[in-house]
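Have a look at the structure below, then the notes.
Numbers here simply count residues along the sequence, with the first being 1.
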Amino acid sequence: MHLFDEGFEPPEDCVSWCKTRSYDLHVLDDGALVDLDWWNRHLEEDEHEIRLRGRDHDGRIVTGGRATVLRNDLRLDGELVDAEHAGLGLLFLCAAWRSGHTRRRAARRFPDVSNRFVAPNVHRHTAIKAAIDRLIRDKRLPDYDYTSGTGWPELPNVGVALTTVFLWAVDVKAGGMRAQLLDQHGVSTLIHQGWLEDPSVSGFTRRRYDRYLEVLQHWAATAGSEPELVERWLVDRWHARVVEARSGALAEPTLF
């Protein structure tokens with residue numbers, strides 16, 4: 001672990017919460033309400049051969065209106081994407097899930113992944129499809145480049161937070177660990193707990209992200225749990241603090 005993280009242990013609330021929660025229920029069944037018409041209209045306008053679906057209250061697949069997308073639906077072999085390029089379709093499903101999640105820091109924004117400066121005979125989505133194909137094939141992030149100061153995949157206009165959702169969905173590894181979601185609310189909780197790092201997710205370097213993964217892994221091992229549950233606790237803890245501040249009521253019992 002990083003020198004600054006030695007002795008940085010999870011609070012008892014986190015350990016207790018993770019021990020009493022189910023991975024299937026609190027991670028895989030974590031759902032977001034998505035406006036399918038909005039997303040599919042923008043996909044059509046941007047000339048993507050992609051259509052997103054969702055689930056109704058009974059879990060049946062629907063093609064329009066407001067529908068639920070579960071985190072377990074964020075898979076290449078999932079039922080909620082009809083796309084000429086499965087990986088690019090999954091990226092947009094990840095964007096829809098993240099933007100529709102009420103406890104995560106995200107606005108509904110359509111990622112413009114086009115390359116507007118390609119030659120006339122090259123499709124403007126070719127570059128991002130190639131980058132996605134490499135991630136799916138290699139199952140790991142690029143090596144850190146000390147010259148350019150990056151190690152993130154070449155996914156233009158996607159942003160770090162959404163990139164990490166997609167990395168988790170395709171089971172990409174970083175430093176031997178599965179990539180985990182990086183959300184501003186979760187990182188804010190880590191900072192509040194005493195983590196000595198820059199709080200801005202948009203400015204996360206690969207080295208900072210690798211350090212973040214090590215903290216999640218360590219906290220999960222301490223709790224006898226999974227990193228996904230630790231990350232979920234961090235996000236929910238921030239939400240509980242906001243609710244408490246706004247209402248004046250103690251929000252903790254609903255979580256811990």
R108: what forms a side chain to side chain contact (heavy atoms under 4.5 Å, CB included) with it, not counting sequence neighbours?
D35, W38, W39, S99
State which residues pass side chain to side chain contact (heavy atoms under 4.5 Å, CB included) with E6; sequence neighbours excluded, sorted by chain then number.
M1
Fellow cluster residues of V242, listed by chain then number, with links counted only when side-chain atoms sit under 4.5 Å apart:
W238
Kindly write out the residues that satisfy side chain to side chain donor-acceptor pair (under 3.5 Å) with [X], not counting sequence neighbours, or none if the list is empty.
| X | answer |
| --- | --- |
| R134 | none |
| E84 | K129 |
| E12 | none |
| T63 | none |

With sequence neighbours excluded, tell me which residues meet salt bridge (charged side-chain N to carboxylate O under 4.0 Å, His left out) with [X].
| X | value |
| --- | --- |
| R75 | D77 |
| R211 | D5, E197 |
| E49 | none |
| D56 | R60 |

Can you list everything that forms a ring pair (Phe, Tyr, Trp, His ring centres under 6.0 Å) with W152? Sequence neighbours excluded, please.
Y209
